[in-house]
Amino acid sequence: MAPPALLDALPGHGPAVLARAPGRVNLIGEHTDYNGLPVLPIAIDRDVRVAARRRDDQRVDLANVDPAFAPRHYLLGPQPAPSPPGDWANYHKAAAGALVAELARRGAGGLPGGSFRVDGRVPAAAGLASSSALLVACGLAHLGLAGVELPRSDLADLFARAERYVGTLSGGMDQAAALLARAGEALRIDFFPLRTRPVPIPAEAAFIVAHSLERAEKSGAARGHYNQRVTECALACAVLARRLGCAAAHLGDLAGPEPILADLDDLLPEETTRAALPALTGIAGAELGQRFFPAATALACPDRFRLRARVRHVLSEAARVTAAEAALHARDLRALGTLMDASHRSCADDYGVSTSALDRLVELARAGGALGARLTGAGFGGAIVALVERGSVERVLQMLDREFYVPRAAPRDARLVVRPAAGASLERLDR
Ligand code: NG1
């Protein structure tokens, strides 16, 4: 049922829609999605809800139950002008712009204007994909107003590309998890083309998400660091493809990660500069710029690129995803915990996306009895996820509270026990 307040506050009369899309916690497979390698998230029982009613013109009105997000309005079109970076309206514009173009391509009519009211219950800037949940819920609601249905996997692809509108070179994990997850299960997701398969979660497994109290603001400071990693991987892929004499658009296209990992020291320099790239990649100046350095892409460090350690993380992480899937099928939570620990070390040492607060939380969760723990999502702040046996949840929470949250006077919801929840839904409401 719709939360009445959300629906009652919508302007106008007549039929309305209510969409919800969950956030997600990635259990393992970090920074692999944009490399065409697998991930293993669960959708969580925290979601974004959007109530919407059609308008007779092309205007979009956005309101939010949280007063921190002021009302916004704009006119629909294939390329709506972006609001300033970080503005919440950009996620609606991203979804709507992509849908206008997609419906035109399919000859499926236009997108109507509408009034939207948003209630976001996924903690923001925590690595829990609140931005994708917002984009997916807005997009689904808008599609509901148009009376059009599209296959979920097509929408996952469309919305993944759409989110790049906000300036991050993001992969497709979050939108696919929000749209395709099933309650009580994790979802293994492969990319290019998108494929998913459910992975059962043993009933005795519990997941604690603990925030580092440092925001991972991907529409802000973290954006350049995230884009830097995506660019480093794309450059490393071009160097490897040349050395190995094969064609590869993503690291995932390179056959046989084990031989590459074994020879990494010979195949890739630890670090390179922008000036050295033409010689390393065999790609000349103008094409290099177009392929790897589009003008709109903010990078944290546009002249220096780490290659070897980044690839070591990505390829070893992909192998850990496959091992984690097998561990879940075998109900072997200890093995899963060990893989999560290794993933965290690799994210911290080779990928450089952890922080001292995230490292500390991982350490405390383990000391409190977690079977494994790791940063989840992009990193640079945000949260960790700890795998805990049901009977140990209280002990781990107490450890986190005593050693981390109480001394910092943190709010109680800084740490959550999350459940593997179902993907997005859309209801039509006649009132
Ligand atoms: P979060 O943590 O939600 O910002 C980001 C990307 C994912 C993926 C992870 C790292 C977006 C919308 N999401 O997630 O695609 O690359 O980082 O594994 O940018």
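Counting starts at 1 for both ligands and their atoms, in listed order. All values reported here derive from a predicted model rather than from experimental measurement.
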Below the 3.5 angstrom mark, is there an N/O of [X], backbone or side chain, next to an N/O of ligand 1?
{"X": "Asp174", "result": "yes"}
{"X": "Gln175", "result": "no"}
{"X": "Glu163", "result": "no"}
{"X": "His31", "result": "yes"}
{"X": "Ala378", "result": "yes"}
{"X": "Gly172", "result": "no"}

Using a strict cut-off of 4.0 Å, indicate which atoms of ligand 1 neighbour a heavy atom of [X].
{"X": "Gly127", "value": "2 (O)"}
{"X": "Glu30", "value": "10 (C), 18 (O)"}
{"X": "Tyr34", "value": "16 (O)"}
{"X": "Ala129", "value": "3 (O)"}
{"X": "Gly171", "value": "15 (O)"}
{"X": "Ser132", "value": "12 (C)"}
{"X": "Met173", "value": "8 (C), 9 (C), 18 (O)"}
{"X": "Asp33", "value": "7 (C), 8 (C), 15 (O), 16 (O)"}

- Message: Residue-level breakdown please: for Arg24 versus ligand 1, do any non-hydrogen atoms fall below 4.0 Å on the side chain, on the backbone, on both, or on neither?
- Response: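 Side chain only.
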- Message: Please determine whether a side-chain nitrogen of the Lys or Arg among Arg308 and Glu271 lies less than 4.0 Å from a carboxylate oxygen of the Asp or Glu.
- Response: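 No, no charged N to carboxylate O under 4.0 Å.
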- Message: Can you tell whether the side chains of Asp119 and Arg117 come within less than 4.0 Å, N to carboxylate O?
- Response: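 No.
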- Item | Check: Glu317/Ser343 side-chain N/O donor and acceptor closer than 3.5 Å |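 Present: a donor and an acceptor within the cut-off.
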- Message: When you compare the side chains of Asp359 and His344, does any donor N or O come within less than 3.5 Å of an acceptor on the partner?
- Response: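 Asp359 vs His344: donor-acceptor pair found between side chains.
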- Message: Are the side chains of Thr32 and His250 in contact, using a 4.5 Å heavy-atom criterion?
- Response: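 Side-chain contact under 4.5 Å: no.
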- Task: Tell me, please, whether Tyr226 has Arg229 positioned over its six-membered ring: NZ or CZ under 6.0 Å from the ring centre and within 45 degrees of its axis?
- Result: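 Not satisfied by the 6.0 Å and 45° rule.
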- Query: Think Arg274 forms a cation-pi with Phe293, using NZ or CZ under 6.0 Å from the six-ring centre and within 45 degrees of its axis?
  - Reply: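 Flagged: Arg274 positioned over aromatic ring of Phe293.
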- Task: For residues 125-136, pull every pair meeting salt bridge (charged side-chain N to carboxylate O under 4.0 Å, His left out), keeping only residues two or more places apart or in separate chains.
- Result: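 Checked against salt bridge (charged side-chain N to carboxylate O under 4.0 Å, His left out) - neighbours excluded - no pair reaches residues 125-136.
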- Message: Donor-acceptor pair, distance only, cut-off 3.5 Å: does the side chain of Asp332 make one with the backbone of Leu328?
- Response: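 Such a contact is absent between Asp332 side chain and Leu328 backbone.
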- Message: Listing request: all side-chain hydrogen bond (donor to acceptor under 3.5 Å, both in side chains) pairs with a residue in residues 92-101, at least two apart in sequence or in separate chains.
- Response: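 As it turns out, the side-chain hydrogen bond (donor to acceptor under 3.5 Å, both in side chains) pairs with a partner in residues 92-101, which skip direct neighbours, are Tyr74-His92, Ser83-Lys93.
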